[in-house]
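Atom set for the values below is all heavy atoms of this structure, side chains included, hydrogens, waters and symmetry mates excluded. Nothing here was measured: the structure is a model prediction, and the numbers come from that model.
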Amino acid sequence: QVQLVESGGGLVQPGGSLTLSCAASGIIFSMYTMGWYRQAPGNQRELVASVTSNYRTNYPDSVKGRFTISRDNAKKLVYLQMNSLKPDDTAVYYCNADWVTGAGVMNYWGKGTLVTVSS
């Protein structure tokens, strides 16, 4: 059974920092591109960071320079370090695992963790 479990969300003041963690089980973790997405009320889910199996990272301009994604294959964990947080970063943050194989796409989601940036 595949599970992605996020943790680390909460309330933080503007300008503050927060680190999210995602623990994976039931997958060959090292083969997957791991990503963090977020969805604010009324908005579509959007990518905020991804890291491939060979550690290549990708960020949209909205978080570049503020967010850092990292992975620990031995522990099957992926992290999202978020600095200089803004109220616009308020959203539910989801962990994603994605692997394009010859047999098809294997894609899994966590249930999300809420991040609220407010004074």
Side-chain angles (χ1 to χ4, degrees):
Q1 181 183 1
V2 177
Q3 280 193 311
L4 300 176
V5 180
E6 303 96 336
S7 60
L11 175 64
V12 61
Q13 291 187 342
S17 297
L18 208 58
T19 300
L20 306 182
S21 300
C22 171
S25 60
I27 60 172
I28 307 172
F29 183 82
S30 61
M31 302 301 295
Y32 282 75
T33 291
M34 299 302 297
W36 286 96
Y37 291 72
R38 68 186 179 189
Q39 187 167 20
N43 289 2
Q44 290 187 332
R45 193 170 295 189
E46 62 176 357
L47 175 72
V48 294
S50 64
V51 56
T52 66
S53 58
N54 59 359
Y55 298 90
R56 182 172 295 178
T57 59
N58 180 51
Y59 306 92
D61 288 343
S62 58
V63 306
K64 197 171 292 184
R66 299 190 298 123
F67 289 12
T68 303
I69 190 170
S70 60
R71 65 188 298 160
D72 184 332
N73 285 351
K75 295 181 179 180
K76 296 189 175 181
L77 291 168
V78 60
Y79 305 98
L80 183 67
Q81 173 68 43
M82 304 184 292
N83 298 325
S84 303
L85 283 162
K86 307 174 182 178
D88 284 351
D89 295 318
T90 296
V92 177
Y93 284 70
Y94 297 91
C95 181
N96 176 266
D98 186 80
W99 183 20
V100 179
T101 74
V105 178
M106 303 174 76
N107 189 277
Y108 304 99
W109 292 93
K111 294 183 178 180
T113 186
L114 177 62
V115 172
T116 303
V117 184
S118 175
S119 55

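With values rounded to the nearest 0.5 angstrom, Lys111 atom NZ is found 11.5 Å from Leu4 atom CG. Here the OG1-CE distance, from Thr101 to Met106, works out to 6.5 Å after rounding to the nearest 0.5 Å.
Side-chain atoms of Glu6 come within 3.5 Å of backbone N or O of Cys95 as a donor-acceptor pair. Looking at Asn83, its side chain never comes within 3.5 Å of a backbone N or O of Gly16 through a donor-acceptor pair. A donor-acceptor pair under 3.5 Å links the side-chain atoms of Thr90 to the main chain of Val117, judged by distance alone.
A single hydrophobic cluster is seen to contain both Leu20 and Phe67, as judged by linkage of ILVMFWY side chains at heavy-atom distances under 4.5 Å, directly or through other members. Residues Trp36 and Val2 are members of one and the same hydrophobic cluster, defined by side-chain heavy-atom contacts under 4.5 angstrom among Ile, Leu, Val, Met, Phe, Trp and Tyr. Neither Leu47 nor Val63 shares a network with the other; the hydrophobic side chains, linked directly or stepwise wherever heavy atoms of I, L, V, M, F, W or Y lie under 4.5 Å apart, form separate groups for each.
For the pair Arg71 and Tyr32, the NZ or CZ position fails the cation-pi test of under 6.0 Å to the six-membered ring centre and within 45 degrees of the ring normal.
When the side chain to side chain donor-acceptor pair (under 3.5 Å) test is applied to Asp89, the partners found at least two apart in sequence or on another chain are Arg38, Arg66. The ring-ring contact (aromatic ring centres under 6.0 Å, His included) search around Tyr93 returns none, not counting sequence neighbours.
With a 6.0 Å radius and a threshold of 12 heavy atoms from other residues, nucleotides or ligands, Ile28 has its CD1 atom at or below the threshold.
Side-chain atoms of Ser119 and Gln13 form no donor-acceptor pair, as typed in the model, at a separation below 3.5 Å.
In plain terms, the two heavy atoms of Tyr59 and Ile69 that are nearest each other are OH-N, 2.9 Å. Between Phe29 and Leu77 the shortest heavy-atom distance is CZ-O, 3.5 Å. What you find for Thr33 and Ser50 is that their closest heavy atoms are CG2-CB, 4.3 Å.
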